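When a ligand or atom number is given, it counts from 1 through the structure's own listing order. Note that the structure is a prediction, hence the values are computed from the model and not measured.
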Amino acid sequence: MAEKDFPLSAITDNLGTGFIGQKILYYPRLSSTMTAAKKAVQRGTAEGTVVIAGEQTAGRGRLKRPWLTPRGNIALSIILYPSKAYLPYLVMVSSLAVVHSIEAVTGLITQIKWPNDVLINGKKVGGILVETQFSGEKVAYSIVGIGINVSLHPAEYPELQHPATSLGTELGEAVSRPELLRYLFNEFERLYRSLSLADSIVEEWRGRLAMLGRNVRVGMGDRLLEGIAESIARDGSLMLRLPDGSCSRIVAGDVTLIWP
Ligand code: BTN
């Protein structure tokens with residue numbers, strides 16, 4: 001998102017939020033917005049500050065995977081100073097904010113794949129990466145990284161590891177990034193503020209997850225487990241029913257569907 005695409009005021013004018021996106025640090029080209037956001041935290045930046053990159057040269061995803069952000073897409077990091085009790089819900093708030101904004105702005109139907117993928121028609125269109133730093137027992141800061149493929153043409157990037165898509169590809173027309181970002185920031189703030197009522201967020205998140213009740217394979221480093229993705233615990237972990245009838249609680253991993 002270069003300034004020549006649109007001015008930042010297209011996002012910030014009458015944004016309507018109290019803190020999310022009230023300060024935006026825009027860089028035409030960055031290694032990763034996560035790194036720039038950490039530097040901004042060290043300078044004492046306010047909660048809700050958003051770092052946006054026009055393109056990323058070393059964007060990163062979960063499990064140390066690379067994340068591609070050529071120009072024309074969305075790569076941003078939101079700086080938060082949450083209480084520890086909110087941590088399990090940050091990925092839920094973020095993914096719900098992303099799916100609500102995509103659906104509102106484009107009308108496309110989205111799904112969430114545990115724990116942090118946003119899918120359209122079974123293909124990945126967005127991802128979320130939450131990094132938290134503690135100071136003793138307390139949270140010093142959390143950074144929520146959000147990547148959305150807006151105009152990317154997956155066929156041009158054979159290095160993509162999962163079946164991927166973009167909003168433009170699915171919709172067949174260009175999608176307005178300022179409109180999407182304005183909706184995203186408002187929705188993120190609404191959901192974040194409602195975390196004291198976390199039950200409703202967990203319920204909606206569970207309801208949108210692809211694969212619940214299905215046979216899945218879960219990769220955790222060099223360990224593989226197969227079973228039924230039975231439910232999601234309140235802290236967001238995946239409860240996997242194993243073939244021997246026992247249940248395994250998965251905190252982090254990579255889920256793929258086993259057909260049928
Ligand atoms: C994943 O699906 O594994 C998470 C992808 C997160 C990508 C975003 S893009 C903005 C922010 N900066 C990064 O380097 N990563 C996140």
Side-chain angles (χ1 to χ4, degrees), residues 1-2 11 20-21 24-41 45 48-80 90-99 101-102 110-120 122-133 141-152 154 157 159-167 175 177 180-181 184-185 188 205 208-211 218-221 236 238 250-256:
M1 179 179 0
I11 306 171
I20 301 289
I24 292 183
L25 302 172
Y26 172 77
Y27 300 88
R29 195 162 197 255
L30 270 183
S31 56
S32 161
T33 56
M34 302 304 278
T35 312
K38 269 177 210 161
K39 289 188 185 146
V41 167
T45 198
T49 300
V50 181
V51 177
I52 301 182
E55 65 182 306
Q56 292 189 125
T57 53
R60 52 181 196 264
R62 258 181 358 113
L63 311 172
K64 300 197 173 137
R65 293 193 179 123
W67 179 267
L68 282 178
T69 313
R71 282 169 48 87
N73 296 284
I74 287 178
L76 61 86
S77 292
I78 304 176
I79 293 163
L80 299 171
L90 292 183
V91 81
M92 302 184 199
V93 164
S94 315
S95 49
L96 287 175
V98 169
V99 300
S101 18
I102 292 177
T110 57
Q111 266 189 318
I112 299 170
K113 180 174 158 243
W114 185 87
N116 71 334
D117 291 353
V118 177
L119 309 181
I120 297 179
K123 288 172 275 178
K124 184 155 170 168
V125 74
I128 288 137
L129 179 68
V130 180
E131 293 182 347
T132 295
Q133 177 71 44
Y141 61 84
S142 289
I143 297 175
V144 172
I146 297 177
I148 305 176
N149 299 334
V150 179
S151 66
L152 180 123
Y157 300 93
E159 64 270 45
L160 285 166
Q161 291 174 354
H162 297 287
T165 190
S166 67
L167 300 180
V175 171
R177 283 175 297 161
L180 195 60
L181 290 169
L184 178 67
F185 295 163
F188 192 100
W205 197 69
R208 282 189 173 259
L209 281 179
M211 297 186 185
V218 185
M220 294 157 289
L238 174 69
I250 318 279
V251 178
D254 224 10
V255 182
T256 45

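Considering backbone and side-chain N/O atoms, Thr69 never comes within less than 3.5 Å of an N/O atom of ligand 1. Taking only nitrogen or oxygen atoms, main chain and side chain alike, Ser32 reaches within less than 3.5 Å of ligand 1. Polar contact check, Ser77 against ligand 1: no nitrogen or oxygen pair lies under 3.5 Å apart.
Under 4.0 angstrom from ligand 1, the non-hydrogen atoms of Gln56 all belong to its side chain. Under 4.0 Å from ligand 1, not a single heavy atom of Leu63 appears.
Put simply, the side chain of Asp117 never gets that close to the backbone of Gly127: no donor and acceptor are under 3.5 Å apart.
Of all protein heavy atoms, the one lying nearest to atom 5 (C) of ligand 1 is Trp67 CE3, 3.5 Å.
Around the CZ atom of Arg29, the shell of radius 6.0 Å holds no more than 12 heavy atoms that belong to other residues, nucleotides or ligands.
Side-chain contact between Val125 and Leu167 is present, with at least one heavy-atom pair separated by less than 4.5 Å. Within the 4.5 Å cutoff, side-chain heavy atoms of Asp254 are placed close to those of His162.
Defined by atom type and a distance below 3.5 Å, a donor-acceptor pair is present between the side-chain atoms of Arg60 and Thr35.
With distances taken over non-hydrogen atoms, the option nearest atom 4 (C) of ligand 1 out of Val51, Val130, Asp254, Ile128 is Ile128.
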